[in-house]
Amino acid sequence: MSTVATDAASPAPARHGRSSWVPYVLNLPAMLVVGTLILVPLGMTFILSLHSFGMYTGISSDVSLANYAEIVRDPYFHEIFLRTFRISLFTTLLAAALGAPEAYILHRMKGSWRAIFLLVMLGPLLISVVARTLGWAMLLGSTGVINQTLLGLGILTTPIQFMYTETGVVIALAHVLMPFMVISVWAALQRLDPQVENAAISLGATPFTVVRRVVLPQIMPGILTGSIIVFALAASAFATPAIIGGRRLKVAATLAYDEFLSTLNWPLGAAIAVLLLVANIVIILGCNRLVERRYSQVFQ
């Protein structure tokens, strides 16, 4: 009987060995796409950033860190990178302040109304970012709808300058990236037991206390996850800062674009792009690590 049992169990290691490489084979198409469309261009961009550029000689064949040294030494680049991350930070805060309550309100709505307003919230993702940003340009301009309405009501005597300012860029970016915050908070709200809120109310808690002491701590992982996504997208955004901010209010993405297509200094533009990517990765991984540590029970 023991021999029969041993023989019957012998094929198991073969099946285990066969199944060990199946996930790699199934992921091979995705790995090829990522390697071909993402890793290879990034590697070529990094190699390009190591070359130098001359107005009359073009891109040289020498390899050095001169472009990175120039970015580190020049206060002009410091200002642009600080502006980029300042805009990204305020955009994230505004998206969290508006997106989290909106997701909670959608979560508390009845099924039919919830579907309608969820479609209204996520519908702009189907529209081009350029089209949405141009809409904000018409709203925020000196002769735009907002200023003309406030002037007509007598609230203002002179138009407020939104265009070509950081405030205008933050407002437009927050609207463009708001759906990502709502989706993240919405996913966290699906884990929230509504009976917990009813229990808190039955024990005498006010609605504000329920939101602050019961709901907010449970959806905080969703808010932090959405903040990481919004920050990363805002830091690398190009169309909205280019349209609302104009030529004078540069961020890292528009600066890299100008170096590539205006001054034709491709190595310096590549170095700016690489540094922006590295800074984004460091910030995202650091924040993600903090979120996972603080809310480890959520990610188990």
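In this chain, numbering begins with 1 at the start of the sequence shown.
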A side-chain contact here means heavy atoms from C-beta on lying under 4.5 Å apart; do [X] and [Y] qualify?
X	Y	answer
Leu249	Tyr164	no
Val169	Thr91	no
Ile244	Met163	yes
Leu177	Ile229	no
Phe53	Trp266	no
Met109	Ile105	yes
Thr158	Asn147	no
Cys287	Leu224	no

Could you give all pairs that pass the salt bridge (charged side-chain N to carboxylate O under 4.0 Å, His left out) test and reach [range], with sequence neighbours left out?
range	value
residues 254-281	Arg247-Asp258, Lys250-Asp258
residues 165-186	Arg83-Glu166, Arg86-Glu166
residues 215-234	none

Value rounded to 0.5 Å, distance of [atom1] in [X] from [atom2] in [Y]:
X	Y	atom1	atom2	value
Met121	Met181	CE	CE	10.5 Å
Ile228	Ile284	CD1	CD1	7.5 Å
Thr254	Ile80	OG1	CD1	7.0 Å
Leu93	Leu98	CG	CG	11.0 Å
Leu268	Ile71	CG	CD1	5.0 Å
Ile243	Leu134	CD1	CG	4.5 Å

Tell me the closest heavy-atom pair linking [X] and [Y], and the distance in Å.
X	Y	answer
Gln161	Thr165	O-CG2, 3.6 Å
Gly269	Ala256	O-CB, 3.9 Å
Ser184	Gly226	OG-CA, 3.4 Å
Ala200	Val210	CB-CG2, 3.9 Å
Val251	Ala237	CG2-O, 4.3 Å
Ala96	Pro101	O-CD, 3.8 Å

Test side chain to side chain contact (heavy atoms under 4.5 Å, CB included) applied to Ile219 and Tyr104, step by step
CA-CA 9 Å; Ile219 66 171; Tyr104 181 69; 5.5 Å; no
In terms of ring plane angle, is the pair Phe46 and Tyr68 parallel, tilted or perpendicular, where the classes change at 30° and 60°?
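Because their plane-to-plane angle lies in the 30° to 60° range, the rings of Phe46 and Tyr68 count as tilted.
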Does the plane of the ring in Phe231 sit parallel, tilted or perpendicular to the ring in Phe85? Use 30° and 60° as the thresholds.
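Plane angle under 30°, so parallel.
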If Ile, Leu, Val, Met, Phe, Trp and Tyr residues are connected whenever their side-chain heavy atoms lie under 4.5 Å apart, and connections chain through other members, are [X] and [Y] in the same group?
X	Y	answer
Leu276	Leu42	no
Phe162	Leu150	yes
Val120	Val182	no
Phe117	Leu119	no
Leu264	Tyr257	yes

Just to verify, which of Val176, Leu94, Thr225, Thr92 counts as forming a side-chain contact (heavy atoms from CB on, under 4.5 Å) with Val230?
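Filter result, single survivor: Thr92.
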Main-chain N/O of [Y] paired with [X] side-chain donor or acceptor, under 3.5 Å:
X	Y	result
Ser142	Pro159	no
His107	Gln190	no
His51	Asp62	yes
Ser49	Ala270	no

Does the pair Trp113 and Leu118 meet the rule for a side chain to side chain contact (heavy atoms under 4.5 Å, CB included), with working shown?
CA-CA 8 Å; Trp113 287 106; Leu118 188 62; over 6 Å; no
Contacts of type side-chain hydrogen bond (donor to acceptor under 3.5 Å, both in side chains), residue Thr143, not counting sequence neighbours
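In terms of side-chain hydrogen bond (donor to acceptor under 3.5 Å, both in side chains), with neighbours along the sequence ignored, Thr143 is linked to no residue.
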Is it true that the side chains of Ser52 and Ser60 contain a donor and an acceptor less than 3.5 Å apart?
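Looking only at side-chain atoms, Ser60 and Ser52 do form a donor-acceptor pair, the distance falling under 3.5 Å.
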When you check the side-chain N and O atoms of Thr209 and Thr206, is any donor under 3.5 Å from an acceptor?
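Indeed, the side chains of Thr209 and Thr206 share at least one donor-acceptor pair under 3.5 Å.
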With side chain to side chain contact (heavy atoms under 4.5 Å, CB included) as the test, would you mind laying out the steps for Leu189 and Leu106 before giving the verdict?
CA-CA 10 Å; Leu189 284 168; Leu106 287 172; over 6 Å; no
Can you pull the side-chain hydrogen bond (donor to acceptor under 3.5 Å, both in side chains) pairs that have at least one residue in residues 123-133, sequence neighbours excluded?
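Passing the test, one end in residues 123-133: Thr133-Thr240.
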Evaluate Leu216 against Ile223 for side chain to side chain contact (heavy atoms under 4.5 Å, CB included), listing each step before the verdict.
CA-CA 9 Å; Leu216 188 59; Ile223 296 175; 3.8 Å; yes
Taking salt bridge (Lys or Arg N to Asp or Glu O under 4.0 Å) as the test, write out the residues that go with Arg108, two or more places apart.
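Checked Arg108 against salt bridge (Lys or Arg N to Asp or Glu O under 4.0 Å); matches are Glu197.
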Heavy-atom count check: over 12 atoms from other residues, nucleotides or ligands less than 6.0 Å from Phe81 CZ?
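Count over threshold, so yes.
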Neighbour count above 12 (heavy atom, 6.0 Å) for Met31 CE
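Counting other residues, nucleotides and ligands, CE of Met31 stays at 12 neighbours or fewer.
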